[in-house]
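Start at 1 and go down the list; that is how both ligands and their atoms are numbered. Residues: numbered from 1 along the sequence shown.
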Amino acid sequence: MRRNIIVSFLILQILVVSSSQSAPGFDFFYWVTYWPGAICTSQRGCCPPAKGNTASDFVIHGLWPQFNNGTWPAFCDQTNLFDISKVSDIVSRMEKKWTEWGVWACPSNETKLWEHEWNKHGTCVQSLFDQHSYFHTNLKLRQNLDLLNIFKQKGIKPDDGYYGLEEIKNAIKGELGFAPGIQCDVDVEGKKQLFQIYICLDNYAKEFVECPYVPDRSCGSKIKFPKSPKKDYLAESLSVMASI
Ligand SMILES: *[C@@H]1O[C@H](CO)[C@@H](O)[C@H](O)[C@H]1NC(C)=O
Ligand SMILES: *[C@@H]1O[C@H](CO)[C@@H](O)[C@H](O)[C@H]1NC(C)=O
């Protein structure tokens, strides 16, 4: 009898623990990266960034909890706001892969972007992540997913060329098993171009999943993959230096 009580108590504890773990309070994650080449050519914000930024690769935007109905939780906790000292050991990696190209702040300010990502999205996923593991998880995803290389293997390159939207999605589907969402913006001539990629993960950010919901992200059936801004801006600043 006593043993039965202990056993049921244990089972109850297991149920309580596992149910609190299986209910992060949202349905899935978007992991979002953006292409710096689509920022300078859209004449948005300020470009190039204030700090020396040599990104010629996809840059992290953030990891966002989502509901299946297309809405999301945001700014869930004012008592645990971004504190850069909590990520001091990974800040140098963040500076390389999670830079701000002047879309969200002008002059560009990565700290502001990180602060926004944690305060808006990170505070809603504290059942899974603290500040350090939230940022570290993003870096790990970025490290494991070489999107530029996945595209290159399918002949899709940032060369100002036009590629089929389905071709772009299928390149990633071939690697992850699931198609991403693609968000476009427009260049100065009004041409649609690749801007952000939304990859869907389960609500533990462990497995890739079929996106339960992909918003209409205003791409055409063919979109431009703009060149990396790196060389242009380097060339420009060199010629400015030469003319001084
Ligand atoms: C979407 O789903 C969430 C979570 O179930 C719910 O809180 C929210 O009210 C829903 N929003 C709409 C617009 O249906
Ligand atoms: C960048 O943003 C952070 C966080 O909002 C702020 O503390 C800092 O002063 C900003 N830096 C500059 C140069 O504006």
Heavy-atom contacts under 4.0 Å to ligand 1, chain-then-number order, include exactly F67, N69, T71

Rounded to the nearest 0.5 Å, the CZ atom of F225 sits from the OH atom of Y163 at a distance of 8.0 Å

Here the disulfide bond (SG atoms under 2.5 Å apart) pairs for residues 124-164, sequence neighbours left out, are C76-C124

Flag for Y198-Q183: side-chain donor and acceptor within less than 3.5 Å: yes

Numbered in order shown, the ligand 2 atoms found under 4.0 Å of a heavy atom of E115 are 4 (C), 5 (O)

Disulfide bond (SG atoms under 2.5 Å apart) pairs touching residues 135-176, sequence neighbours excluded, are none

Short side-chain to backbone donor-acceptor contact, D146 and N149, under 3.5 Å: yes

Check: Any idea how H61 and Y34 line up, ring-wise: parallel (<30°), tilted (30 to 60°), or perpendicular (>60°)?
Finding: perpendicular

Here the ring pair (Phe, Tyr, Trp, His ring centres under 6.0 Å) pairs for residues 75-97, sequence neighbours left out, are F82-F135

* Hey, does N109 come in under 3.5 Å of ligand 2, counting only N/O atoms on both sides? -> yes

